[in-house]
Amino acid sequence: MPAVAPPETLPAAQVRSATVAVARRIFADPTNFDAAGFLTIGFTRAQLTLGDICSNAGSTYITSEGLAALGLQASDRYWTAPAMPWTMRRPYSGADFREDYAVDY
């Protein structure tokens with residue numbers, strides 16, 4: 001099944017910037033791995049009280065979701081659009097932003 005690009009209403013560069021930041025936070029921090037090299041249970045480090053069976057950085061499902069964009073063509077707007085701040089970076093930097101709403105893709 002081919003990867004699905006974000007909808008036109010959601011800037012691809014914004015999605016890429018956010019997902020790359022998450023991947024860097026998870027994979028670049030050695031405290032996110034146990035002694036055997038496996039991802040730990042937690043949000044941004046070993047946090048056993050925050051983990052459950054499928055919603056944590058150590059979950060193969062959650063981790064693989066972050067790699068879905070690798071299935072997009074190199075020419076896809078996800079890869080080619082200039083980087084931009086994602087929604088949560090905008091308000092905390094004082095910039096205006098469009099309100100996010102629940103979506104049904």
Side-chain angles (χ1 to χ4, degrees):
M1 178 178 194
V4 178
E8 292 292 328
T9 57
L10 184 60
Q14 181 176 326
V15 174
R16 185 188 70 243
S17 295
T19 56
V20 166
V22 169
R24 285 183 178 147
R25 179 63 182 101
I26 291 172
F27 297 115
D29 185 342
T31 65
N32 285 331
F33 299 88
D34 66 15
F38 291 100
L39 284 166
T40 57
I41 294 174
F43 183 68
T44 60
R45 57 184 168 75
Q47 299 162 303
L48 298 178
T49 59
L50 293 179
D52 61 33
I53 195 164
C54 67
S55 61
N56 64 80
S59 162
T60 54
Y61 172 73
I62 297 294
T63 303
S64 63
E65 271 187 332
L67 304 175
L70 296 176
L72 297 173
Q73 296 291 322
S75 59
D76 189 273
R77 64 190 171 93
Y78 178 89
W79 297 115
T80 60
M84 64 183 293
W86 56 94
T87 303
M88 290 311 299
R89 290 193 67 112
R90 290 177 172 178
Y92 287 107
S93 68
D96 289 333
F97 64 100
R98 189 183 71 182
E99 186 176 1
D100 283 346
Y101 294 93
V103 294
D104 182 20
Y105 296 125

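- Rounding to the nearest 0.5 angstrom, the gap separating the CG atom in Leu39 from the CZ atom in Phe33 is 4.5 Å.
- Side-chain atoms of Asn32 come within 3.5 Å of backbone atoms of Ile26 as a donor-acceptor pair (strictly under, hydrogens ignored).
- Sorted by first and then second residue, the salt bridge (charged side-chain N to carboxylate O under 4.0 Å, His left out) pairs with a member in residues 14-31 read Arg25-Asp29; sequence neighbours excluded.
- Not counting sequence neighbours, the partners of Ala36 by the side chain to side chain contact (heavy atoms under 4.5 Å, CB included) test are Asp34, Phe38.
- The backbone N or O of Trp86 sits nowhere less than 3.5 Å from a side-chain atom of Ser17 that would complete a donor-acceptor pair.
- Applying the side chain to side chain donor-acceptor pair (under 3.5 Å) test to Thr19 and every residue at least two apart in sequence or in another chain returns Tyr78.
- Scanning both residues, Gln14 and Pro85, for their nearest heavy atoms gives CG-O, 3.7 Å.
- Met84 and Val15 are assigned to two separate hydrophobic clusters, defined by single-linkage of ILVMFWY side chains at heavy-atom distances under 4.5 Å.
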